[in-house]
2 protein chains.
Amino acid sequence: MARTSSGLHERLLASALRLFVARGFRGTSLADIAADVGCSKASLLYHFSNKEAILTELLMPVGNEVFALDERLSELDGEEASLTAVHSFVGITLRFRREIKLLFDNLADVSCLPDLGVETIDGIRERLVDAVAGRSADPRDRIAALMALGGIFATGAADLPYDDLTLREALLTGALRTLNLAPGDPAPGDLGPGRTARDAEPGKN
Amino acid sequence: MARTSSGLHERLLASALRLFVARGFRGTSLADIAADVGCSKASLLYHFSNKEAILTELLMPVGNEVFALDERLSELDGEEASLTAVHSFVGITLRFRREIKLLFDNLADVSCLPDLGVETIDGIRERLVDAVAGRSADPRDRIAALMALGGIFATGAADLPYDDLTLREALLTGALRTLNLAPGDPAPGDLGPGRTARDAEPGKN
DNA sequence: ACGGTAACTGTCCGAACGGTCAGCTCTGAC
DNA sequence: GTCAGAGCTGACCGTTCGGACAGTTACCGT
């Protein structure tokens with residue numbers, strides 16, 4: 001019985017993620033999660049101070065990566081900012097598919113979170129758009145940037161039956177086209193399977 | 001006092017839309033809506049059989065347009081299907097910005113609706129993607145299609161400070177680029193302010 | 001042997017909320 | 001005048017759910 005303790009927290013997180021994705025945050029009660037892992041609701045609340053804390057802990061990993069990206073982007077501009085942002089965002093999206101779906105499907109609830117609140121999300125989004133737009137103030141560039149990010153986001157949230165490689169390539173191609181940064185429209189074989197070397201993103205990312 | 005009756009229903013709808021968009025569907029109680037228009041909760045439930053009915057009625061107009069589009073698309077294919085789908089979808093998105101935001105932010109809740117349920121939404125989405133992809137089965141085309149739609153959707157949901165014309169042009173340009181259907185990359189002035197004539201969509205749309 | 005503490009649970013509670021119902025009021029038809 | 005019915009409301013109800021709390025058990029250091 002020595003091992004029962006250390007595992008519960010993670011098992012609770014796993015169950016919560018599964019259920020939140022399937023039924024939505026509000027659509028899942030604490031009792032549901034507890035029942036799913038086979039422990040008491042009180043036990044669940046021993047591990048997490050409240051329901052929101054579960055959601056926060058689930059989304060923290062993604063949040064941190066996005067925060068880090070945001071910081072890294074602050075010292076870039078122009079096409080470099082744009083490309084870095086797109087590549088990294090695609091990477092994050094693919095690495096956290098289920099969390100992205102959770103976020104996508106429950107935007108209204110996540111917005112009310114104390115740690116990942118509206119102002120935080122909106123701020124980050126704004127700066128991401130700014131980077132992807134290559135710091136351009138032209139509405140058309142900013143809209144295109146938002147479309148690219150939205151497209152990646154929405155596509156990442158839809159659990160498609162494609163493998164990560166296909167998805168990564170298609171997402172990159174699509175986003176760059178959206179931004180009219182298609183990497184040599186004539187040379188479509190270049191960014192194929194091999195990833196463009198910058199895909200091993202600069203930082204820890 | 002003769003006029004109080006006929007207006008309430010619409011005023012309730014307006015308040016509900018406002019509050020749902022601001023605080024989310026679940027985050028808005030029937031009492032909130034009633035208080036906002038200054039009538040009783042019972043009165044609210046006299047006009048709508050239940051809370052879901054409000055959301056349904058709010059989203060019905062968009063739903064109907066999308067259904068109609070879906071039907072119209074069924075007899076098209078190739079680039080024609082793709083272009084029609086994109087143009088119409090952009091039009092619908094712009095015409096129902098607030099409803100789109102409502103939908104975007106509350107996907108989990110909308111999915112549980114009896115009339116606009118998961119299978120309906122997923123089915124429509126699937127067929128829309130199919131059309132936008134020009135009936136291609138190539139994963140890359142389908143992903144690009146999903147990205148284009150997702151980009152339009154997400155961008156429409158973000159209430160941007162741009163006028164409809166700018167938005168329409170940028171959305172179309174972005175989506176067509178995403179799909180690699182850029183309308184004569186050399187001739188960017190063509191689909192500018194004038195709308196491409198097909199924008200006055202065939203049907204009642 | 002024993003005190004402390006981490007892990008876990010059964011039970012209870014209060015609040016919020018969706019929804020019901022009996023009834024009130026006003027208006028318009030006959 | 002009166003009857004019907006539409007519009008509206010206050011009061012009430014049942015349930016659900018998040019959360020609090022007082023334990024209990026098992027382990028561990030001393």
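Qualifying ring pair (Phe, Tyr, Trp, His ring centres under 6.0 Å) partners for A:F48, counting only residues two or more places apart in sequence or in other chains: A:H9. Taking A:F153 as the reference, A:F104 meet the ring pair (Phe, Tyr, Trp, His ring centres under 6.0 Å) condition, with sequence neighbours excluded.
Within the nucleic acid shown, A:S43 comes within 4.0 Å of at least one base atom, counting heavy atoms only.
In this structure, the CG atom of A:L12 is 13 Å from the P atom of C:dA7, given to the nearest Å. Following rounding to the nearest Å, A:Y46 (OH) and D:dA22 (C1') show an atom-to-atom distance of 15 Å. A:D109 places its CG atom 15 Å from the C1' atom of D:dG18, with the value rounded to the nearest Å. Following rounding to the nearest Å, A:F48 (CZ) and D:dA20 (P) show an atom-to-atom distance of 16 Å. As a whole-Å value, the separation of B:L44 CG from D:dG10 C1' is 15 Å. Spacing between atom CZ of B:R26 and atom C1' of D:dG18 amounts to 15 Å, rounded to whole angstrom units. Rounding to whole angstrom units, CG of residue A:D32 and P of D:dT16 are separated by 11 Å. When rounded to the nearest whole Å, the span between CD1 of A:I33 and P of C:dC8 equals 16 Å.
Looking at B:D36 and B:R18, a side-chain N of the basic residue comes within less than 4.0 Å of a carboxylate O on the acidic one, giving a salt bridge. Comment: A:E65 does not engage A:R72 in a salt bridge, judged by the lack of any side-chain N to carboxylate O separation of less than 4.0 angstrom. The pair B:D159-B:K101 does not meet the salt-bridge criterion, since no charged nitrogen lies less than 4.0 angstrom from a carboxylate oxygen.
Among the candidates A:V129, A:L179, A:T178, A:T93, the single residue satisfying the side-chain contact (heavy atoms from CB on, under 4.5 Å) test with A:L149 is A:V129.
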Write down the protein N/O and nucleotide N/O pairs, taken from nucleotides 19-22 of chain C, whose separation is under 3.5 Å; answer none if there are no such pairs.
residue: C:dG19; atom: OP2; partner: B:K51; partner atom: N; Å: 2.8
residue: C:dG19; atom: O6; partner: B:K41; partner atom: NZ; Å: 2.8

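Residue A:H47 places its side chain closer to C:dC8 than to any other of D:dG18, D:dT9, C:dC8.
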